[in-house]
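Read the structure below first, then the notes.
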Amino acid sequence: MELAQLPKHHAVLIVHPERHEAKEKLWAELSSLSPVHRIFDQTVLDIDTARAIISWANTPYNDEKIAMVSFATATIPAQNAMLKIVEEPNIRVRFIFVTSNKVNLLETFLSRTH
């Protein structure tokens, strides 16, 4: 999958059996576009990482910035923490979530992603 193929939605969820492969390909393209884009690559997306993502998203910047969040699983507290930023996005911030397993994702989190 290429960046140009992704929907222009503020939060995109990519479920891919080879999460690392999908992440590496997209990140190679994304990181070449701007140094402000950020990757959060976790096996477990925990509350501390969620807080770091929220802090990064809330840091003012004049141009678009994109966070790629790659994880195998996400804790319930982390998903709940991320809900507000995904529900009420800053118009200059986009998220690309990459996982190999969406079974444990909250329905509310899933419904806020494209």
Side-chain angles (χ1 to χ4, degrees):
M1 180 167 288
E2 294 179 12
L3 197 56
Q5 295 173 319
L6 296 179
K8 289 290 185 184
H9 193 267
H10 70 278
V12 175
L13 175 65
I14 299 171
V15 180
H16 194 285
E18 298 297 327
R19 168 179 73 93
H20 291 292
E21 179 183 304
K23 171 206 62 169
E24 290 299 325
K25 186 173 181 180
L26 282 170
W27 181 243
E29 186 178 354
L30 187 62
S31 63
S32 70
L33 297 176
S34 173
V36 76
H37 298 331
R38 178 92 188 267
I39 188 168
F40 297 88
D41 188 13
Q42 307 293 130
T43 300
V44 177
L45 177 57
D46 60 12
I47 188 68
D48 291 332
T49 304
R51 288 180 180 140
I53 294 167
I54 293 165
S55 177
W56 172 87
N58 287 328
T59 301
Y61 190 70
N62 290 333
D63 296 322
E64 178 185 59
K65 58 184 184 176
I66 301 172
M68 176 177 284
V69 184
S70 175
F71 59 93
T73 188
T75 66
I76 299 299
Q79 291 178 67
N80 282 322
M82 294 290 298
L83 274 176
K84 182 170 174 91
I85 197 91
V86 173
E87 289 173 335
E88 300 172 12
N90 178 321
I91 61 169
R92 291 190 173 110
V93 178
R94 290 177 49 206
F95 296 95
I96 301 171
F97 298 100
V98 182
T99 187
S100 55
N101 180 13
K102 72 175 189 177
V103 172
N104 295 322
L105 294 177
L106 296 172
E107 187 58 41
T108 51
F109 186 84
L110 288 171
S111 70
R112 274 36 171 213
T113 61
H114 190 277

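Pairs of residues two or more places apart, or lying in two chains, never qualify as ring pair (Phe, Tyr, Trp, His ring centres under 6.0 Å) while including a residue from residues 12-38. Listed by first and then second residue, the salt bridge (Lys or Arg N to Asp or Glu O under 4.0 Å) pairs that reach into residues 12-21 are Arg19-Asp41, sequence neighbours excluded. The stretch residues 84-103 participates, sequence neighbours left out, in these ring pair (Phe, Tyr, Trp, His ring centres under 6.0 Å) pairs: Phe95-Phe97, Phe97-Phe109. Listed by first then second residue, pairs satisfying salt bridge (Lys or Arg N to Asp or Glu O under 4.0 Å) with a partner in residues 74-83 number zero, not counting sequence neighbours. For residues 97-114, the set of pairs meeting the salt bridge (Lys or Arg N to Asp or Glu O under 4.0 Å) definition, not counting sequence neighbours, comprises Glu87-Arg112.
Panel note: side chain Lys23, backbone Ile39; no donor-acceptor pair is recorded below 3.5 Å. A donor-acceptor pair is defined here as one N or O able to donate and one able to accept, closer than 3.5 Å; such a pair exists between the side chain of Gln79 and the backbone of Asn104. With hydrogens and angles disregarded, no donor-acceptor distance shorter than 3.5 Å links the side chain of Thr73 to the backbone of Val44.
Residues Val36 make up the rest of the hydrophobic cluster containing Tyr61, defined by ILVMFWY side-chain heavy atoms closer than 4.5 Å, directly or through other members.
With values rounded to the nearest 0.5 angstrom, Ser111 atom OG is found 8.0 Å from Leu83 atom CG. Taken from CG in Asn80 to OG1 in Thr108, the straight-line distance is 6.5 Å, to the nearest 0.5 Å. Atom CD1 of Ile76 and atom CG of Leu106 lie 4.0 Å apart (nearest 0.5 Å). The structure places CE of Met68 at 4.0 Å from CG of Leu26, a figure rounded to the nearest 0.5 Å.
Here His9 pairs with His114 under the ring pair (Phe, Tyr, Trp, His ring centres under 6.0 Å) rule; sequence neighbours left out. Under the side-chain contact (heavy atoms from CB on, under 4.5 Å) criterion, Ile54 pairs with Asn58, Ala81, Met82, Ile85, sequence neighbours left out. By the side-chain contact (heavy atoms from CB on, under 4.5 Å) test, Thr49 pairs with Phe40, Gln42, Leu45, Asp46, Ile53, sequence neighbours left out. Taking the side-chain contact (heavy atoms from CB on, under 4.5 Å) definition, one finds that Arg92 meets it with Asn90, sequence neighbours left out. The side-chain contact (heavy atoms from CB on, under 4.5 Å) test applied to Glu64 returns Ile66, Arg94, not counting sequence neighbours.
Between Lys65 and Thr59, the shortest heavy-atom contact is NZ-O, 2.6 Å. For the residue pair Leu105 and Ala74, the shortest heavy atom distance occurs at CD2-CB, 4.2 Å. The two residues Pro17 and Ser100 make their nearest non-hydrogen contact at O-CB, 4.0 Å.
Both Leu33 and Ile96 are members of a single hydrophobic cluster when ILVMFWY side chains are connected at heavy-atom separations under 4.5 Å. Val93 and Val86 fall within the same hydrophobic cluster, defined by Ile, Leu, Val, Met, Phe, Trp and Tyr side-chain heavy atoms under 4.5 Å apart, directly or through other members. Following chains of ILVMFWY side-chain contacts shorter than 4.5 Å, one can reach Leu13 starting from Val69, so the two form part of one hydrophobic cluster.
Glu29 has no carboxylate O lying under 4.0 Å from a charged side-chain N of Lys25, or vice versa, which leaves the two without a salt bridge.
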